[in-house]
There are 2 protein chains.
Amino acid sequence: MTIRLAIVNDYEVVVRGLASMLRSYSDRIEVVELDAGTDPAARVDIALFDTFAQSFRDRERIARLVRDPRVGKVVVYTWGADDPSAGSGQPPGIAAYVSKRLAAADLVTALERIHADEPVRRQDSGHGPLVGGDWPGREEGLTARESEVLSLVTQGYSNNDIVETTMLSINSIKSYIRSAYRKIGVTTRSRAILWGIDHGFQPDRVRLDDSGGSPEHR
Amino acid sequence: MTIRLAIVNDYEVVVRGLASMLRSYSDRIEVVELDAGTDPAARVDIALFDTFAQSFRDRERIARLVRDPRVGKVVVYTWGADDPSAGSGQPPGIAAYVSKRLAAADLVTALERIHADEPVRRQDSGHGPLVGGDWPGREEGLTARESEVLSLVTQGYSNNDIVETTMLSINSIKSYIRSAYRKIGVTTRSRAILWGIDHGFQPDRVRLDDSGGSPEHR
DNA sequence: CCGCGATACACCCCAACAGGTGAGCACGGG
DNA sequence: CCCGTGCTCACCTGTTGGGGTGTATCGCGG
């Protein structure tokens, strides 16, 4: 019996990339995008919350998923900070955290174990490159991290805001920003924002799973 | 005999505002927007180059107007720095400079005198508010200056860039930026840029009079 | 005539950002 | 097995930006 999975992220390309990464496992995982077009009543076994350029303060978002009767378990797909429970309290109701550094096969296995209520060992396996998936700016030569911080820059966040949403050090943020600047050919934050807007680095913001919430100010 | 006038500026509101300000003088001035839709072969007596958020370094732009066989005289509609010939050499071929602080009636008279090759006394009359006209962000409570610098901010210019294009002091720039921030409710440049994009503070960039030029990198 | 708003500029302070260098660790390919 | 790439962080420096306050002139409206 296949697991019905929803991928939650505001970036079209992220959702599609993750979906295509899981396509070869369609016998074990069925990806049901919680997008416009899907029946609001459709039930899913697991909602996979992808943290790419998601505000971690958007605990609201996760809380809404947990409350949602259509959603079985909520799993956070994160960069695998070795201790996700660190920081000032995570929102309750999360079934598990899985690392973005897992290979596709391991991701699928992990999801299956979570669905079967088996304990998942935190097998983060250290630091390695993100396998599979997709993200905005990939063809421009940006790495996943660079794209992530650039997305947040494009949305008008300060470096300190980005520290909070990514749980990285301020120094790392600055490093990623600099290398991203070099790759996209800008030297100021302002130009980077304009570049980002021109290249689809702003979230789409029209999601069904977000409906019911307040109409994002933006 | 009426004077055929073209208003040159990338901002729709600016062109329309100036046109409506001159509407009551339609017996003496006929406004022919050099916009898409106008026959490229249409001749105008005077091209009025509005410097609102125009790069003053865009001397290219003025030079192209001067060269254009469809254009009689080129007049620069500026803030009326008392000495427009100041700075590092203005582009040649400009028939006159007229101040933005002139009332509509005086503007019309000045254009008539210029057209008749009569000398125009520099009657700048000091510092006063801009009369008539229109600019983006007017209804948001922004003054013409605030809107102008905000436009340039939105386009990704640094404060020093803005100094060059507006010929104001860096201190003035910062003052205008701060008061604009207060009015639109932001505290950082990044947010101001996003606000500007959401409120049409970017030039339109599809002008016939600009055709033949290189496709703006933007 | 006096206040108010707009333009224009000055001086000051401090936080934020840009840019450089270096360094450790993990992984994958030659 | 080393080399390159990506992720992570640190330290340092210089420039830019944000914010406050104050001053001056002009023009409009009460």
Side-chain angles (χ1 to χ4, degrees), chain A residues 78-82 99-103 106 123-131 133 135 138 141-150 152-153 156-163 166-193, chain B residues 78-82 99-103 124-131 133 135 138 141-150 152-153 156-163 166-193:
Chain A
T78 179
W79 271 94
D82 315 85
S99 168
K100 284 197 179 187
R101 289 187 252 261
L102 260 44
D106 295 333
Q123 14 109 274
D124 196 337
S125 79
H127 309 269
L130 172 74
V131 271
W135 58 85
R138 180 171 219 182
L142 295 170
T143 69
R145 267 296 196 223
E146 288 160 357
S147 290
E148 185 168 17
V149 299
L150 197 50
L152 294 165
V153 166
Y157 292 114
S158 73
N159 288 356
N160 274 318
D161 291 337
I162 299 175
V163 164
T166 59
M167 313 220 288
L168 292 174
S169 113
I170 183 71
N171 299 297
S172 303
I173 300 297
K174 296 206 278 187
S175 290
Y176 291 130
I177 289 181
R178 280 199 301 278
S179 58
Y181 283 4
R182 250 173 276 137
K183 287 181 182 175
I184 69 178
V186 303
T187 55
T188 69
R189 199 181 193 86
S190 298
R191 298 272 182 202
I193 291 174
Chain B
T78 178
W79 271 94
D82 316 87
S99 168
K100 284 197 179 186
R101 287 186 253 260
L102 260 45
D124 195 335
S125 79
H127 310 269
L130 172 73
V131 271
W135 58 85
R138 179 170 220 185
L142 295 170
T143 70
R145 267 295 194 224
E146 288 161 357
S147 289
E148 185 168 16
V149 299
L150 197 51
L152 295 165
V153 166
Y157 293 112
S158 73
N159 287 356
N160 274 318
D161 290 338
I162 299 176
V163 165
T166 58
M167 313 222 289
L168 293 174
S169 117
I170 182 70
N171 299 296
S172 302
I173 300 298
K174 296 209 277 185
S175 290
Y176 290 131
I177 287 180
R178 279 201 300 277
S179 57
Y181 283 4
R182 250 172 276 139
K183 287 182 182 174
I184 68 177
V186 303
T187 55
T188 69
R189 180 167 286 238
S190 298
R191 299 271 183 202
I193 291 175

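Keep in mind it's a predicted model, so treat the numbers as computed, not measured. Letters A, B, ... are given to chains in the order of the sequence lines, protein chains preceding strands, and every chain is numbered from 1.
- The CG-P distance, from B/Asp161 to D/dT15, rounds to 16 Å in whole Å.
- For B/Tyr157 against B/Ile162, the heavy-atom pair with the smallest separation is CB-CG1, 4.0 Å.
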Can you give each donor-acceptor pair under 3.5 Å made by side-chain atoms of residues 170-180 of chain B, sequence neighbours left out, with the distance rounded to 0.1 Å?
| residue | atom | partner | partner atom | Å |
| --- | --- | --- | --- | --- |
| B/Ser175 | OG | B/Asn171 | O | 3.1 |
| B/Ser179 | OG | B/Glu146 | OE2 | 3.0 |
| B/Ser179 | OG | B/Ser175 | O | 3.3 |
| B/Ser179 | OG | B/Tyr176 | O | 3.0 |

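- Pairing each heavy atom of B/Gly156 with each of A/Ser190, the nearest pair is CA-CB, 3.9 Å.
- Taking each heavy atom of B/Leu150 and B/Ala192 in turn, the nearest pair found is CD1-CB, 4.2 Å.
- Residue B/Ser172 is in base contact, counting any heavy-atom pair closer than 4.0 Å across all strands shown.
- In this structure, B/Glu148 atom CD and C/dT7 atom P are separated by 10 Å, rounded to whole Å.
- Side chains of B/Lys183 and B/Thr143 form a contact here, defined as non-hydrogen atoms less than 4.5 Å apart.
- Residue B/Leu150 contributes atom CG, which lies 13 Å from atom P of C/dT7 at whole-angstrom precision.
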A correct 5'-to-3' footprint of nucleotides 12-22 of chain C, with B, S and - meaning base, sugar-phosphate only and no protein heavy atom under 4.0 Å, is -----SBBBB-
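- Residue A/Arg145 has a polar side-chain atom (N or O) positioned under 4.0 Å from OP1 or OP2 of D/dT8.
- Applying the salt bridge (charged side-chain N to carboxylate O under 4.0 Å, His left out) rule to A/Arg145 yields the partners A/Glu148; only residues at least two apart in sequence or on another chain are considered.
- One axis for each end of the helix from C/dC1-D/dG30 to C/dG30-D/dC1, each built from five base pairs, and the angle between them comes to 30° at 10° resolution.
- The two atoms that bring B/Ser147 and B/Trp135 nearest to each other are OG-CD1, 3.1 Å, heavy atoms only.
- The CZ atom of B/Arg189 sits 10.0 Å away from atom CD1 of A/Ile193, with the distance rounded to the nearest 0.5 Å.
- Protein atom CD of A/Glu146 is 13 Å distant from nucleotide atom P of D/dT5, rounded to whole Å.
- Rounded to whole angstrom, the span from the CG atom of A/Leu142 across to the P atom of D/dG6 amounts to 10 Å.
- For B/Tyr176, a side-chain nitrogen or oxygen approaches OP1 or OP2 of C/dA8 to under 4.0 Å.
- For A/Ala144, taking side-chain heavy atoms from C-beta onward, the closest of the listed nucleotides D/dC7, D/dT8, C/dC9 is D/dC7.
- Not counting sequence neighbours, the partners of B/Ser158 by the side-chain hydrogen bond (donor to acceptor under 3.5 Å, both in side chains) test are B/Asp161.
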